[in-house]
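Worksheet for the structure shown next.
Residue numbers begin at 1 in each chain, while the letters A, B, ... track the order of the sequences.
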Amino acid sequence: MKIKIANLVAATVRNCIAAGLIPTADLPYMEVEVPNNPEHGDYASNVAMILASQIKKNPRQIAAVIQSNLVDPENILEKTEIAGPGFLNFYLKESVWQNTLQIIEEQKEEYGRLDVGGAQKVQVEFVSANPTGPLHIGHARGAVVGDVIANLLQTTGYSVDREYYINDAGNQMNNLGKSVLFRYRELLGEKNEFPENCYQGDYIKNVAQDIIKKEGDKYLALNEEETIRNFTAIAGELILTEIKNDLRDFGVIFDHYFSEKELYENDGVGELLESLKKQGFIYSDGETLWFKTTAYGDEKDRVVVRKNGEPTYFAADIAYHQNKYSRGYKMIIDIWGADHHGYMPRLWAGIQALGQDKESLKLILVQLVNLLRGGLPVAMSTRSGEFVTLREVLDEVGKDAARYNFLMRRSDSHLDFDLEVAKKQSNENPVYYVQYAYARISSILKMAGERDIVFPAYKDIDPALLQEPEEINLMKIMARYPEMIEGAARALEPHRITFYLNELASLFHSYYNKNKVISDNEKLTAARLFMISTIRIVLQNALKILGVNAPEKM
RNA sequence: GCGCCUGUAGCUCAGCUGGAUAGAGCAACGGACUUCUAAUCCGUGGGCCGAGAGUUCGAAUCCCUCCAGGCGCACCA
């Protein structure tokens, strides 16, 4: 709808320029938007003011010229007004809004599905936590944000893959194996001091226990180095399986798990460094190899091969991103914890050295979660093993409330997550507010069925009966659903959906309290049943993108 | 010291990439269940948009300088 108005304005301005009514000017970049104040029309445009500054004329005069020459081939305008400093306000015919009821009913779960992406290949990489311990609350936010961004892009016509990068190569994995070995010995009665830099969490004991159960004490007699390698592999495998299970129960399913280790095994890193060296991006200071990231705006160059001959994480990461591009992705989205922001210029430099456009790699920072319980901070420290796991959050507050809570804020704003509030089934918890609207509609439709009221077809209702202000507003906001989705997808901002849902649910609850849907008036009942059914469709489509359930009953 | 993010109602946050009189939820206060679900609704109060200068028809939004909080500044990942 917004696009229709924009096109209509653009066509009019072009006509006016061609007819000499407006002194020659470029067709400006202009805004068509929904005004804050509904008294300013359904849509408003600032063209006249933009043109005014270009050609130095009174914006209201220009607006008047545009207004009197408006072309409206589809006859959707009720009236237009010139207001304020020179806004053009457009009021649309009610039939336009009523017509969206039919569109929604016809398209059902397709309503809001767009093809702005043109099937372009996109990869979203997220979570990517080291398999050295279970996922905790901090990973959960990134998991939901990544998942919903992927859903959004999918629904707007991109071909999306979700990928998890397994950092299974560094020395933190070696520490994991070591930690398990210590617990293993401990459980088998050997006394030893547990080293500082090892993982303290109870899950390490569980892994050791598991090994004892399956293979007994045979590792006590074996070579330590080899045992650590074995335990690393076993523990990594077990923990990764747990991570996958947690994510699955959180509603997050990945298409690929990409192993850093395989990158080395296939010599991706070595080949990459070789080719970058030929292009002059790599130099040696005699002991280490440096990447000239300053060539692309990084504040200093970065080491890619250490003194001891081992490539750094950064080297592997460039190779990884080269691999991504080689798989044909046109847009690559990485979701990171905000504590990694210092790493951004480095990676952008890396992919530009590969000949890729900086714009093709979107780096999204998700701020850390501030975990509370009843208003008081919950202490968290990974190393000591004191942290709230994703599993505990799932058990305590459930998937829907957890996901919704993480989606209620812009991802670059800090988020307080209060376990007590998230768990409460009350008005403090917005997820229920939205779900309740869905359940209420379902309940009304069910009631209508029980009273043998046949659900009407669009041709059998008279949408002009929907004259209540709340009804008009409901139709308007539903008509804007696709625009909201497109905006959220373009900006990669999932939180816009929760705000939209809250508004739609609020309008519905208000309407519900004021009006009866099922009444003695058969025609009115039919029209209202039809409308609330379309509300239910929109609620369902939006909730589906969020990965939150839409319950028939609550 | 340098860099990134944040600063909007008592609290938690939106504000659609520069628009018109800055909005929600919670909390506070007062009302509405014999009714299609009260996990709801209706009403009332509440603001130097961190501060100061600047850009222009127009700034919470953009530029600059400060102030405050968070996070980074590895041959860790």
Side-chain angles (χ1 to χ4, degrees), chain A residues 2 31 33-37 39-40 44 46 49-50 52-53 58-59 83-87 89 128-130 132 167 169-173 260 287-290 299-300 302-314 316-317 337-345 365 367-368 370 375 408-410 412-416 418 421 424-437 439-448 450-451 480 483-484 487-488 490-491 493 495-496 498-500 502-503 505-506 508-519 525 528-529 532 553-554:
Chain A
K2 194 188 260 182
E31 297 276 332
E33 57 179 22
V34 180
N36 284 327
N37 189 337
E39 284 172 25
H40 295 141
N46 63 350
M49 284 163 341
I50 304 281
S53 62
N58 183 329
F87 286 104
N89 294 342
S128 298
N130 300 341
T132 54
N167 299 135
N171 52 28
Q172 86 278 3
M173 287 305 283
E260 182 186 1
E287 292 184 307
T288 60
L289 287 187
W290 295 77
E299 59 185 26
K300 58 179 215 178
R302 307 290 174 175
V303 172
V304 281
V305 177
R306 291 184 268 246
K307 211 181 288 181
N308 66 9
E310 284 184 17
T312 58
Y313 176 83
F314 176 50
D317 212 17
D339 52 342
H340 286 67
H341 68 258
Y343 190 76
M344 297 168 79
L365 296 179
Q367 280 292 346
L368 305 179
N370 189 20
M408 287 190 329
R409 313 244 176 288
R410 260 193 7 249
D412 55 6
S413 92
H414 300 259
L415 168 70
D416 285 348
D418 194 314
V421 174
K424 261 190 219 166
Q425 306 205 344
S426 75
N427 50 6
E428 280 177 71
N429 201 339
V431 67
Y432 298 112
Y433 186 79
V434 175
Q435 290 182 320
Y436 188 48
R440 269 185 156 170
I441 295 171
S442 302
S443 173
I444 300 170
L445 293 172
K446 188 170 157 238
M447 175 67 69
E450 283 165 5
R451 296 194 192 169
R480 286 170 187 156
E483 291 161 20
M484 182 278 298
R490 277 191 200 287
E493 289 184 352
H495 74 275
R496 293 191 194 185
T498 56
F499 280 86
Y500 175 88
N502 198 60
E503 194 182 346
S506 168
F508 169 74
H509 285 309
S510 177
Y511 172 67
Y512 173 92
N513 272 272
K514 223 163 161 183
N515 303 283
K516 300 283 285 181
V517 173
I518 300 172
S519 67
T525 299
R528 287 182 169 175
L529 278 175
I532 64 164
K553 260 202 290 196
M554 284 177 74

Only one of V304(A), V303(A), V305(A) passes side-chain contact (heavy atoms from CB on, under 4.5 Å) with W290(A), and that residue is V303(A)
Check whether any side-chain N or O of [X] sits under 4.0 Å from OP1 or OP2 of [N], and answer yes or no.
X       : N      : value
Y343(A) : C73(B) : no
Y512(A) : C42(B) : no
Y432(A) : A39(B) : no
S519(A) : C36(B) : no

Select base, sugar-phosphate, or nothing to describe what [X] touches, counting heavy atoms under 4.0 Å on all strands.
X       : answer
A83(A)  : base
K446(A) : nothing
E260(A) : sugar-phosphate

To the nearest angstrom, the CG-P distance between L365(A) and C4(B) comes to 12 Å
R528(A) atom CZ is separated from U35(B) atom P, nearest whole Å, by 19 Å
- Between the side chains of R302(A) and Y343(A), does any donor sit under 3.5 Å from an acceptor? no
Sequence neighbours excluded, the answer for salt bridge (charged side-chain N to carboxylate O under 4.0 Å, His left out) partners of E483(A) is none
Salt bridge (charged side-chain N to carboxylate O under 4.0 Å, His left out) filter on E310(A), not counting sequence neighbours, yields R306(A)
P spacing across the pair C42(B) / C33(B), given as an integer number of angstrom: 16 Å
Determine the Euclidean distance between corresponding C1' atoms of U56(B) and C63(B); express it in Å to zero decimal places.
-> 13 Å
Given the 90°-from-0 boundary between syn and anti, C33(B) should be labelled syn
Its glycosidic angle compared against 90° from 0, U17(B) adopts the form syn
Residue set satisfying ring pair (Phe, Tyr, Trp, His ring centres under 6.0 Å) with Y500(A), at least two apart, ordered chain then number -> Y481(A)
Scoring nucleotides 8-15 of chain B by protein non-hydrogen atoms under 4.0 Å (B base, S sugar-phosphate only, - none) yields ----SSSS
Atom pairs, protein N/O to nucleotides 1-3 of chain B N/O, distance under 3.5 Å:
| unit_1 | atom_1 | unit_2 | atom_2 | d |
| --- | --- | --- | --- | --- |
| G3(B) | N2 | H341(A) | NE2 | 2.3 |

Is the CD atom of E450(A) crowded by more than 12 outside heavy atoms at less than 6.0 Å? yes
In this structure, CD of Q435(A) is separated from OG of S442(A) (nearest 0.5 Å) by 11.0 Å
Intra- and inter-strand pairing of RNA chain B, written as dot-bracket with Watson-Crick and G-U pairs under 3.5 Å and | for the latter, reads (((((((..((((.....[...)))).(((((.......))))).....(((.(..]....).))))))))))....
